[in-house]
Amino acid sequence: MIELSQVSKVFNPGRHNAFTALHGIDLSIKTGGVTVFKGPSGSGKTTLLSVIGCMARPTTGRIFLDGTEITGLPERFATLTRRQTFGFIFQNYNLIRGLTVLENTMIPAYPTGRNYQEIRQRALELLEKLKIESKVPMKVEHLSGGEQQRTAIARALINDPAVVIADEPTAHLDTELSMELLEIVNDLKNEGKTILVASHDPLIFESTAVDRVVSLRDGKMIDQETPR
Amino acid sequence: MRRSSIYLGFSLSCLVALGFLCFIYPHLSAEQYDRVLAEQKRVVRDLQLTDLCLFSEARYTRNLSQADWHAPFQDNPMAFDTFPSGSLVRPTVLLADDTP
Amino acid sequence: MKWLDRQRCLMDFTLSCVWRRKGKNLGFLLVYTLIIFVVCSVIFFSNALRRQADAVLHDAPEMIVQKMMAGRQELMPLAHQEDIASIRGVRSVEPRVWGYYFHPATQTNYTLIGRKDFRHGDDAVEVGQGVLRTWGAVQEDKLYFRMVDGKALDLKIAATFSAATDLVSADLIMMSQATFRRLTGMPDQFATDFSVRVRNPQECTTIAEKITGIVPGARPILREEIVRTYSALFNWRSGYMIVILSAAILAFCISAWDKATGLSAEEKAEIGILKGVGWGTSDILGMKFWEGMTVSLAAFFAGVIGAYIHVFFFSAPFFEHALKGWSILYPSFRLRPEVNLFELAVLFFLTVVPYTFITIIPIWRVSVTDPDLVMRQG
Amino acid sequence: MILSPAIIALEAGAVLAAGYAAYASAMAMQIIQGWDIASGSEQQLLLEKKTYLISTIFAWLMAYQIISLFLFSYTAENLHDLFVGAMCAAGSLNVNDYGYPTLVLKAFNCLLCGIWLIVNRTDNSVADYPLIKPKYKLLIGIAVLLLIEAIFQTTYFVQMKADVITSCCGMLFSETEETVAGGLAALPSYPTKVIFYLSVLITLRVGIHHYRTGRAALVYSLSAAWLLILSIAAVISFIAPHFYELPGHHCPFCILQREYHYIGYPLYLALFTGGIAGLGVGVIDRFKGSPSLHAAGPLLQKHLCLLSMIGYMLFAVISVYPMIFSDFRLEGY
């Protein structure tokens, strides 16, 4: 359960280039299910996701995660929460070049202090589930777009997060690969994970897997719809 | 093989090598050096020598402890005629005292 | 355990990154190793010489008494021998007859020693190995000298000092006292100085004081002082070398600073990704710590082992000239391999500590990259 | 000034350490003035980022302090043959008035850096950073001491003059010059032994009590502090002579040498671990009033208490070893 109350985010406050990315957002997201944030670029989708994901602090307002306030946490603790609760899939995949698929997948687990073999086992399982186990020893720059995407998904899942956050996951994928992605998202949903997606791709927000669509424009929520 | 294991293995073997060189090899070769040292000491005792033969470029640098103090410029630490030792050998405290 | 697992994982990651940029990192490692190698060689070499001097001079005469007149060294009248010997606590007083001989052909100074009980007769000499190497044109085992009155004198090489004693005997030419006096013109009633053996070394100072009272212008030189001066000398020399080398160390530190500050866009983006996927500032700091540590340790080991081999197996050929002086006559000797933790700690302080401190701030700068940066770029 | 590599190293290190400490304390000043945990302003975010830098600097300073403490005493040891009458480090430290003060300051700063790291650890373990202001005030104090230490050390080395062969006239040594034989006043061995081992036992007893019940933290800390001072006296009085097997040799530095198998290193490291961790228990106790530390504080105290007891136990075991396994008896001296 994620609750936002009156969350605003201003970049460069008090300066001439001050820019308000979010305006007093009130939102409550239930555990489980897929929520899509839609809206044109610059509407504040990404900022909203990074505020929810403990990556950036809101300028005003409060955020609760399962009833605990996480708004004012210093970075040391915000990082812990983020690592334990959220998995991130970025628009450009953001894999680290020069490292193998396996290494890239394991990266978020390194600082947790979990046993290496255990992490490796978990990464191999995930990669197998995502059907790219044959690419395990390959460097990521030699992968196709879809394979990179899957590696990024495996990386997001390595710490077994309750919430998966994806920012424009289909931006660089063709229709076929996008459909495959939706299947994966659907599987994750069935595993009970909460999935938050920012996208302006109709393929995503019109998909049957989506439980809720939130529209944003100029940093404000304009309407919420629940397709089913 | 984990990279850290490879690195730790490398470091450990370096450490062992270094430990061998610093602590074990000196003992192994001690006898040979003791013999040389004993011989050197015998010559020193026999001939009543006072200095090592390290700086022999000028007569007053050969026996540093027996300097006879009549060579020109020799008190000057930058003395050109004894350039390397003249400038590297510590100047006299008397000279050093004059410098503030 | 958890802590250990975490550190090893960070190390894994760091090593992957370092290995990925092999060329750049190996170049850096090489320079780092070279600096440690040179500084370490200086420290090993000068400390080994210092220990050697300490050990060898342990058997030198406890006291040398020179005679000074008007600030210049004079020949010591043999008449004083009895006076000094009668001081209580003095075991023996022996006149030393020695001097220098300049050989114009090779521009070299040799040390002449005249001995009363010279075994090989009046027309022979016993020489150090260095003399054989440098005198030039040693024919039929004969050395040609020019006497004080300008006449020539040729002496047969009857024996040589063993190569093992080169460190003390390389430039010695030993002959009978009569030949020495004939060659140099030193009068019969004089010696160069006296060597004094003392019963109880603790009383050296008192005896030296008494000697200055008996012999006008006496200048006693104690063995303790000689040893002490040599210690200071090697400290001074190695310190001087390090001051000279500090320019290199400084240059290296600047390049380390530069390396840590001037991260490529790719490296910066990587740190952004790491922060994005859940690494905290302390994790990045930890990762970078291991990066510095792995490189430093590798350089340290390679540099120290290299320096050890350089100094103790090959007698420091790279800079023996600078440390030993510009003698034409190098003694050849091998130093006793001995290293203590202190020397390694000093080395560590001179190289790894500045490197670490210099890189703290640049590393911190990259480590505090905002985690949402990677989202904003999208 | 003697230009030896060790002195250059120590001086370069001291300049770097003092410089970084000054830099850290400038930032500490900003933090003390501008800290507001509740605010999400950029100013506050920047200050939070700076805490990482300061923590890193101090972690390194701590490591530096420990090595430099050993290096300093070893340098003094190494230089003793340059001074008339100095038999070991105790003598070289006596060549001028700055030797011993520098050593004491170094040891003291080492303790303080350790305590600061403990406070920092405690503070970082809870989200509202309750100790932030006292922590950074302490830091400024430490920085000042580090600066003084650097000045003392420099003065010590600058004023140091080796007694070497110098003058061309008269005697080379001057009989008016006082020698630097540094005898250390040692407490009588037998009573010190009794008091020391009794104190160890009492400290351990209090420690076990604290570990079990979580009470008497202050008592443990005080007894640990007392034991720290007593231990140094004990090293001089009877522990070191037992290692030397010489009743008159009380030098606390020679045990760091190879002749005694570097036994001084584990001995002093154990002592410092015991002392720093023991003092840490008390310092945390002082701040336990803060509500958010109610859970984390006592747990950390327990760990520190255990660490401290292990340190002291190790120290005691090492000190007992030569008494049991050697024929040498100190009684009567």
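What you see below is based on every heavy atom in this structure, not just the backbone, and it leaves out hydrogens, waters and symmetry mates. Reminder, nothing fancy here: chain letters follow the sequence lines and each chain counts from 1.
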key: Parallel, tilted or perpendicular: ring planes of Tyr64(D) versus Phe357(C), cut at 30 and 60 degrees   = perpendicular
remark   = Ranking Val243(C), Val346(C), Asp370(C) by heavy-atom pairs under 4.5 Å to chain D gives rank one to Val346(C)
ask   = Based on non-hydrogen pairs under 4.5 Å, which of Ile43(C), Thr356(C), Val353(C), Asn340(C) is most in contact with chain D?
value = Thr356(C)
Rounded to the nearest 0.5 Å, what separation is found between the [atom1] atom of [X] and the [atom2] atom of [Y]?
X         : Y         : atom1 : atom2 : value
Ile8(D)   : Ser246(C) : CD1   : OG    : 7.5 Å
Thr56(D)  : Ile363(C) : OG1   : CD1   : 9.0 Å
Ile284(C) : Tyr52(D)  : CD1   : OH    : 11.0 Å
Ser55(D)  : Trp364(C) : OG    : CH2   : 11.5 Å
Lys49(D)  : Arg365(C) : NZ    : CZ    : 12.0 Å
Leu71(D)  : Leu341(C) : CG    : CG    : 11.5 Å

With heavy-atom distances below 4.5 Å as the criterion, would you say the side chains of [X] and [Y] are in contact?
X         : Y         : answer
Arg50(C)  : Asn78(D)  : yes
Tyr23(D)  : Ile361(C) : yes
Pro354(C) : Leu16(D)  : yes

remark   = Per-residue tally against chain C (heavy atom, under 4.5 Å) across Ser4(D), Pro5(D), Gly19(D) peaks at Pro5(D)
request  = Heavy-atom pairs under 4.5 Å with chain C are the metric here; pick the option from Tyr20(D), Tyr262(D), Phe70(D), Tyr265(D) that has the most.
outcome  = Tyr20(D)
inquiry  = What verdict does the side chain to side chain contact (heavy atoms under 4.5 Å, CB included) test give for Glu48(D) and Thr281(C), after you've listed the backbone C-alpha separation in whole Å, the side-chain angles of each residue and the deciding distance to 0.1 Å?
reply    = CA-CA 11 Å; Glu48(D) 279 178 35; Thr281(C) 301; over 6 Å; no
Where Phe349(C) and Ser68(D) come nearest, the two heavy atoms and their spacing = CZ-CB, 3.5 Å
ask   = Above 12 or not: heavy atoms from other molecules or residues under 6.0 Å from CZ of Arg51(C)?
value = yes
query = chain C heavy atoms under 4.5 Å from Ala12(D): which part of the residue, side chain, backbone, both or neither?
reply = neither
key: Toward chain D, the part of Phe289(C) with a non-hydrogen atom under 4.5 Å   = side chain
